[in-house]
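Just below is one structure, and these are the notes that go with it.
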Amino acid sequence: QPHLVESGGGWVQPGGPLRLSCVTSGLSLDQYSISWFRQVPGKEREKISCIGVDGSTFYTDSVKGRFTISRDNAESTVYLHIADLSREDTAAYYCAAQRLTRCSQGTVMHYWGNGILVAVSS
């Protein structure tokens, strides 16, 4: 069974950058599009970014210009770089895999990580 593990979260200060990692195993990453989601307790899970097998990317409007998704297939890892952190970025962040060449607008994924917390506070 494939596994996805997020890392890089924790308590961080506003204004700074943060890089989240999604390390995959049990799958060939070059066959999967990878999405990042975030969720605040009591609110809907939100798809914030995705990167396709071909390197194409998607960002939801609320994170465009600050979030950058990238992938390193050789390391089986997908990254999410967040610039200029704000308190509104506080959430649980999840990565998820979908066996598609390009990102779709759907949210049904084949595999999910368990998520990591990002708490932005001074």
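All residue numbers refer to positions in the sequence shown, counting from 1.
Using modelled atom types, one side-chain atom of S49 and one backbone atom of F58 make a donor-acceptor pair closer than 3.5 Å. Without hydrogens or angle criteria, K47 side chain to W36 main chain gives no donor-acceptor distance under 3.5 Å. Between the side chain of R71 and the backbone N or O of L29, at least one donor-acceptor pair lies under 3.5 Å. Counting only distance, with no hydrogens or angles, the side chain of Y59 and the backbone of I69 share a donor-acceptor pair below 3.5 Å.
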Using residues 74-86 as the side-chain source, report each donor-acceptor pair under 3.5 Å to any protein atom, sequence neighbours left out, with the distance given to one decimal.
| from | atom 1 | to | atom 2 | distance (Å) |
| --- | --- | --- | --- | --- |
| T77 | OG1 | E75 | O | 2.8 |
| S86 | OG | E88 | N | 3.4 |
| S86 | OG | E88 | OE1 | 3.3 |

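Side-chain contact between V5 and N114: absent, with no pair of heavy atoms (C-beta onward) separated by less than 4.5 Å. Two residues are said to be in side-chain contact when any heavy atoms from C-beta on lie closer than 4.5 Å; H3 and S25 meet this criterion. Side-chain contact check for R99 versus L27: every heavy-atom pair is 4.5 Å or farther apart. Taking 4.5 Å as the limit, some side-chain heavy atom of C22 sits within range of a side-chain heavy atom of T24. Put simply, the side chain of V23 does not reach to within 4.5 Å of the side chain of L4, judged on heavy atoms.
With values rounded to the nearest 0.5 angstrom, R19 atom CZ is found 12.0 Å from T68 atom OG1. Going from atom OG1 of T57 over to atom CZ of F67 covers 14.0 Å, rounded to the nearest 0.5 Å.
Taking each heavy atom of S33 and V53 in turn, the nearest pair found is OG-N, 3.8 Å. Heavy atoms only, all atoms of each residue included: E6 and G115 are closest at OE1-N, 2.9 Å. Nearest heavy-atom pair, V120 versus R87, reported as atom, atom and distance to 0.1 Å: O-CG, 3.4 Å. For the pair A91 and R38, the tightest heavy-atom approach, listed with the atom from each and the gap, is CB-CB, 4.0 Å. In terms of heavy atoms, P14 sits closest to S122 at CD-N, 3.7 Å. In plain terms, the two heavy atoms of Y94 and G113 that are nearest each other are CD2-O, 3.6 Å.
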Can you list the steps and then say if Q98 with S104 is a side chain to side chain donor-acceptor pair (under 3.5 Å)? CA-CA 9 Å; Q98 190 175 32; S104 74; 3.3 Å; yes
Kindly indicate, with the supporting measurements, whether the criterion side-chain contact (heavy atoms from CB on, under 4.5 Å) is fulfilled by I116 and L20. CA-CA 9 Å; I116 51 169; L20 304 180; 3.6 Å; yes
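A distance below 6.0 Å separates the ring centres of W112 and F37.
The environment of CZ in R102 is sparse: at most 12 heavy-atom neighbours from other residues, nucleotides or ligands sit within 6.0 Å.
M109 is not connected to I51 by any chain of hydrophobic side-chain contacts under 4.5 Å among Ile, Leu, Val, Met, Phe, Trp and Tyr, and they are in different clusters.
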